[in-house]
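Sequence lines set the chain letters: A, B, ... in the order given, protein chains first and strands last, and positions in each chain run from 1.
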Amino acid sequence: MSSTVIRVNGKAPAEVSQHHVPMLPPPVWVDGSPSLRQITDDIARPLEMRPGKGWWICFSIAFAALLNLGGMVSYLFAKGIGIWGLNNSVGWAFDITNFVFWVGIGHAGTLISAILLLFRQQWRTSINRSAEAMTIFAVMCAGMFPAIHMGRPWDAFFIFPYFPNQRGPLWVNFRSPLVWDVFAISTYLTISLVFWYLGMIPDLATLRDRAAGGIKKFVFHILSLGWSGSQRTWSRYEIVSLVLAGLATSLVLSVHSIVSMDFATSLLPGWHTTIFPPYFVAGAIYSGFGMVLTLLIITRYTMNLQNYITLRHLDKMAKVTMLTGMIVSYAYLTEFFSAWYGGNLYERYHFINRATGPYAWCFYLMVLCNVVTPQLLWFRKARTSVVFLFAVSILVNIGMWFERFVIIVVSLHRAFLPSGWGMFYPTVFDVGILVGSFGLFFTCFLLFIRFLPMIAMWEIKGVVGHGAHKMALSSQEQEEPVSV
Amino acid sequence: MSDSDSHGHYASCKSAKERLVQIQPQEAPAYWKSVAELQNGPRSSGEFPGGLPAAGQSGTTRRDFLALMGFTLAAAGLSGCRAPVQNAIPLLVGSDQFVPGVANWYATTCRGCAASCSLLAKQRDGRPIKIEGNAESSLFGGGTCATGQAMVLSLYDDERLRGPLWQGQPAGWEELDRRVAESVATAKAGSGSIVLLSGTINSPSTRAIISEWRASHPNFLHVEYDATSLSAMRAANQESFGLAVVPHYALDRARVIVGLDADFLGTWLSPVEFTRQYANGRKPEDAPSLHIQFESGMSVTGSNADLRIAVAQSDLGPVAAALLARIARRGGHAGIGPIEDPIDSRKLDAVAEQLWKHRGESLVISGCNDVTVQIVVNTLNVMLGNIGKIIDLTRPSLQRNGDDQAMSDLVEKMNRGEVHTLFMLGVNPAYDYHDPARFLSGLEKVPLSVSFSDRRDETSSHVHAVCPDHHFLEAWGDAEPVATHFSLAQPLIAPLFGTRSAQESLLKWLGHEPADYYTYLRDYWQKNIFRRQRGVPDFQSFWDRSLQEGLVVLPLLHPATEPRIQGNWRAAVHSIREDQAKHRQAGSADRYELDLYESVALRDGRHANNPWLQELPDPISKVTWGNCAAIAPATAAKLKLTDGDVVRLRTVTQQIEVPIFIQPGQHAQTISVALGHGRNKVGRAGQNVGVNAYPLLRVKDGYRLLSAREVTLEKTGRSEKLATTQTHFSMEGRPIVLETSLEELHQSSEVGIEPALPTLWAARPEGEHAWGMAIDMNACTGCSACVVACQAENNVPVVGKDQIERIRIMHWIRLDRYYSGPEEDPVAVHQPMMCQHCQNAPCETVCPVLATTTSSEGLNQQVYNRCIGTRYCANNCPYKVRRFNWYNYTDNPQFDFNMESPLGRMVLNPDVAVRSRGVMEKCSMCVQRIQLAKNVALQGRRELADGDIQTACQQACPTQAIVFGDLKEPNSRVAQLQHSQRRYQVLDELGTRPNVSYLKKVRNPVRTT
Amino acid sequence: MRVQLALLALLGAVLAAGAGAWQLSRIGIHQGYSPAQPIAFPHKVHAGDNQIPCLYCHFAARTSRHAGIPPASVCMNCHNVLEKQTVEIEKLKEAVDLAQPIRWVKVHNLPDFVYFNHSQHVQSGVACQSCHGAVEKMDRVEQVSPLTMGWCLRCHREHAKVPVNDFERAALSLKQKQKPTAGLDCASCHY
Amino acid sequence: MSDKFLVATFTDTEALLAAVRAVRQDSFRIYDVYAPYPVHDLDHAMGVKRSRLPWVTFVVGVLALGFALTFQFYTSVLDWPLNVGGKPDNSSLAFVPICFELTVLLSGLATVAALFLRARLYPGKKAPKFADDITNDAFALVLRWRENDFDALRARRILEQSGADRIREKEASS
């Protein structure tokens, strides 16, 4: 681990530390030099006391939205897809836009916990747990949309190749990207869930041992699977975590590639392009980090964990956001270039229409949020101003939602035959269900930070342990006290 | 549908229970009572024709309308809904002509308008469910129009009266007969005249009844009145030829057709017949005729013309005169002073040139209800020597007999209280008379007014007695659309309600006992028709054959005599010139002219309650559910108006408020508004849809001109959403409709079919057949008959104005209409677009559940019960021809059209599944017909022959623009057409390899310079 | 051994799930449905003992989509002359005298979305029994076949020379490409 | 049956490591070490061999891949080939995504399952508790107390020297 030199606030620890230590001091990812016991207390405390006003306000808003979702979806099932603004020209709009959007959000979690684990990035330790939780809830929201966009969920099981069936037997069409989706999403959800739970077992054990008794103790007792902290288990456990991380990493890259194939394999101008898989993955990570930023900035306040989620964490994430943001911008350019260079009549028209047609405002909003905004993150001031980052993270999510909307609706509303052209106008149900999905997401997340350790205690301890922190701590003293 | 198992049953059980309560007792037997008579003789009355319940297999809704008949789900209500008990109730006494589940076809005659096309009507299990043209007819061929196709639905119209009314209250026939008898008696005593006010009547037997009335009642008067009449033409012909008739035209023989505001392909006189002739005369492979159209608004006819010249209504006369001047000069007729050309002289020269070149084989028609114009037109035809060759005055058309003057006289008589008894048959003056108030005030003064209307409409709700007439599918009848061309009408179903045929009423009131129109008709034919024919010795067999074939053509009574030409056409020209001058002075830039035209679907308005027709897009504007004011783009720009802005059109006396529609090709100073809309008493579907423009029309020396002058246009500031089915009219330079010119076609010898594009995949093993279709873009006029035919055949639901505003029309076949060229003078083209049945179908690859796949016979098959509704296929369909069921359109109060009402559902085709919510559907190439034909061939132990299978759209098409058949059968017509050099496929560069191919549109421009 | 217990439980769960799935897949199958009829008409006596061919009474099956239930008049052809009397025959005659239609109960009901045509099958020489079972041995008619799509396909496959057994079929299609036949098209039953 | 153990608790990982090394040098066999987080070098010090669980991942992965491939091939080529957009029955490229997903899914689940089996982790298991705060901030080194061949005194001495906080004897059921 000492192999990775990590700059603290832009300066190498070597420069900042006045100590004449032969080796580079390890980076510091926890402020306030807490003892192991204190870490446990800090992180477990929120779960043991009544939640604050902030939490209740957030929760009631989120829960209201969730109820609204329930109501609207039941109405949808009762009446039919017609209550949405869809039509013969535009067969997908908010439904699939939301689907792709949420799947995208779902990428950051696994990326942080898996890929950064493989790269031995220690700064992930404070954020990976909540990022994974976010992933799971996001993928839940995403999974909801394919189910409801059919309007008849009781027939959805046709999409699974199951036996016995009395139809001959009739299977499914493995050539259809929608079937790929079903497998990709469910796999991603399962593996992320397992990964998340596995990582939580030691902490569950901690909570079990802290719990006074009663139902809480019992539940943690069951969930922690009798974890004892045995070193023999630890060593197997770390191996398995690495393996899962490897698998999950490949998922991070595959899931959104497959989602992008829903479009790439069709023949619609604006959909039918080979750039989609990498472009979508980058976009997913971009939006995912945006969402992680949003959530962490909120939680580090509501749960006052500034010592664990430090500005340096935010700075890191801001950098990743900026990078992926620029990859996305590059993809936008490439699309236009290949449309012009390819010279296909329909393709060209599509992109002219994207930039000048009736939905041009969506396009420019998207450009503003996804191309212009990230550029501000070049400045360290921007990266370390919590308020600013929060604003950026919101913009990023808006931008990414509109990116999907542009790709889906603008491509559909003016396809090959002009006689089939038409406009899409959302109805209250389109918007309501989008809002509702946020309700579902935040409800889950708020419950999570209320009842489960939102920071991996054992990993923090691992980082803080080995006395390494003592050394780096001294470097802290000359640093400005960053615990905001 | 797939969810009907889990949910449908419950619904259907419930509805069944309810329905049993309301309808079973009195009505349900009524449906069947006399079908049984029809089929099995009176003995089996009170029964249900056997086996039909099995049709209950075919769809919740299909089960529901059986429930309506009061038996199928009788038990289901009680037996709980998990596995509903289905009952089957056979006949008590079998019948040899009636096999349940097998359709019978009967020849009959259409009454949708006075054109009286010959029909074959399909009767399935006792219900008429489909109308098709009678291919035997030498006049109409097998084609129909959109309106004719929809007539079967008006049979099942909920708004039809269940029985006669007296003073608005249900009454018995006896009572009515008594009262009418009294009134007629007093009238006979001399206290005023007895008047029968009717639309055009070309039924010889009915005319016989009328003449009986005339004979027995000296003060009897018969007035024929058409909302859109040709009485000026009749008057003009009286003056020019001494014959007050509407001639019969032969467009197929004309080499040059010049139309002056006559929409003969859309609504004028006999559109089906003309459309057929027109197409036959314009086959590009041999010398096609040249068609020049002068008109104000874009009409179906204009959209097909080789040269279309937009002129103001007031310039139609001058144009005719200017043409006459040129022809006269050539023909050496003196006496026409110089006429100022209303339009570009070179164009007129070119037209005159063409006319003169094709003397004797050209035709000038005008729809103008203005005597002077018609006289000039007659003179033109005379000078060109077309009379007797292209224009037949000796076998005139009897399809428009209305007399405007007689009508206005009648209204005055009524107001003077000189009319004692008034019968009204097939007219609705309170709606379509230009001065309804005047008519109604007169009506009040009539001691006894009787209407034969089938519903409470604007007129019949003001009369004393309503004696509802049968729907023509319930009634006997005959017609003589063109002299010596007779056709018969026979009932396919016993009257659904307590109605009585008008003829029977008239006979009864004449004192005939028994007043049985069938016998009367039969006798009439025996005495008059049978006598005049040779060949069939005995009447019975003649009768049977006529009934079976539906039509008889007799030789002329008296040999053709060339009509002598008379009449002072110079005077006519003179008055035109004066009128023009007068108008020039009055005219100013902010004064517009109004051009009122019959709507293609609703015609003069009588079909306003037919949801199929309300939802049929106008062939030109593509607007459904209501009319709008067509305005030229330039004018709209000048006035800063956009589509849907509501404007107030004001004449001197009247005004209407109507949304505008920007119409390319519209004359800048003329505004076109469709008639037939804005009925305020007609029924749920048509109530107050659109605006009634009749009050605006102008009467010139007693003739109802379908136009007005000095019209002012004011903005109201309001704006409405137009329910249009096509929002973009330009092809954006895409190769969608390909065109070629006549020269090119005749010069180029190269065979047009370019080799099929290479495909990535190995060819799959072929099946027995390969169904394919070829559509001739040159023959298609955009008449839209195919659209309604498809709707009727395939149980396509009506979705209503709101859904169409949301671009959710369900029609399986769409008529795309594109414009090219300058927007003030565009060239239009119509393209039927339905599922192309691609061999490499993009929709199939993306369907996750294999709900759509390619059949062994090349059909792109859609399995409704497998579809889970992801809509991915529709997104990936480059032709956008897939239709999604956004809601349940059946048995759903939200969509209160025919499929909501138990009665309306009787029109459903039991052989086609009714789609439920959340399911994708599309053109199936009428696979049910394919399967049926196979089955018939199997029963006959023979191979399928080309032509055994006709898709609904193909059958309905008057121009035979659509050809369906087996591509693997080298001699089939469709396979032959694959070698046409005009053949191409839409978007084939995408590699979809459609089984539908198109034949290029051929342009034959007129050199005007 | 706790672990073994857990494993056993798991196994049990899997088996239960399997059984459940099988049951689920049989929903809507009314095999063995045999309702009482208003007149207890014994096919055994007519088609069995007296050897009356099916198509004599169900004549519509030759030409129509529906086999149809014979009109009472058809029954009366014989029962007018036969002097044998039973309560059931009395019911029949009464119905005829009172011109009172007989409300039979349909036994074989297909889902709404399937188009089945009797004549097509009769004309192709499919024996009635192959779907309806040995009706001539039944006193009261019973639905012997499941009437599922898989069941239909079995016969259609035989007809199309495609093995019915999944594994045979698999083996065959490994050797040669299956030739598409109309009998196996979706659109031959679903439209 | 219940065993006797000698439990030494530490607060410092350095001391723990020292103790582990010392104990092993003196040829005591370590029963186990308990820690709130995986202490680095401890495996090495204890001589714990690298786990072979990744093999499970590999084997199951290969099996899953095979299954996915054959299943898709069977259903769309052998069992009921349908003409889907004119594409070949064996559109093998289209089968790749699902093969991949199933491989990852099944191998992942199998690995975790294997871990639980191997480490005897299952719901409701009672965790052996040799010292307090193991899951919080304490480290414990546990030696099994075998009758007749366990020099408790020497063990204690070694542990004390290497800086254990407390040393206790403990009865526990293994």
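Only the side chain of A:I201 has a heavy atom closer than 4.5 Å to any heavy atom of chain D. Interface residue A:I222: backbone and side-chain heavy atoms are both found under 4.5 Å from chain D. Of the atoms belonging to A:I258, it is side-chain heavy atoms, and not backbone ones, that fall under 4.5 Å from chain D.
For chain A, the option among D:A119, D:A138, D:S76, D:P36 with the highest count of heavy-atom pairs below 4.5 Å is D:P36. If you tally non-hydrogen atom pairs under 4.5 Å between each of D:T75, D:V112, D:T11 and chain A, the highest count goes to D:T75. When D:L115, D:T111, D:L109 are compared by the number of non-hydrogen pairs under 4.5 Å with chain A, D:L115 comes out ahead. In terms of heavy-atom pairs under 4.5 Å with chain A, the best-connected choice from D:G108, D:A114, D:A140 is D:G108.
Using a 30° and 60° split on the angle between ring planes, A:F276 and A:F263 fall in the perpendicular class, above 60°. The aromatic rings of D:F5 and D:Y31 sit tilted, their planes meeting at an angle between 30° and 60°. Taking the six-membered ring where tryptophan is involved, the planes of A:W234 and A:W458 are tilted, since the angle between them lies from 30° to 60°.
A donor-acceptor pair is defined here as one N or O able to donate and one able to accept, closer than 3.5 Å; no such pair exists between the side chain of A:R210 and the backbone of D:N136.
Atom-to-atom distance recorded for A:K217:NZ and A:L207:CG is 10.5 Å, nearest 0.5 angstrom.
Contact annotation for residues 186-196 of chain A against chain D (heavy-atom separation below 4.5 Å, listed by residue number): A:T187, A:T190, A:I191, A:V194.
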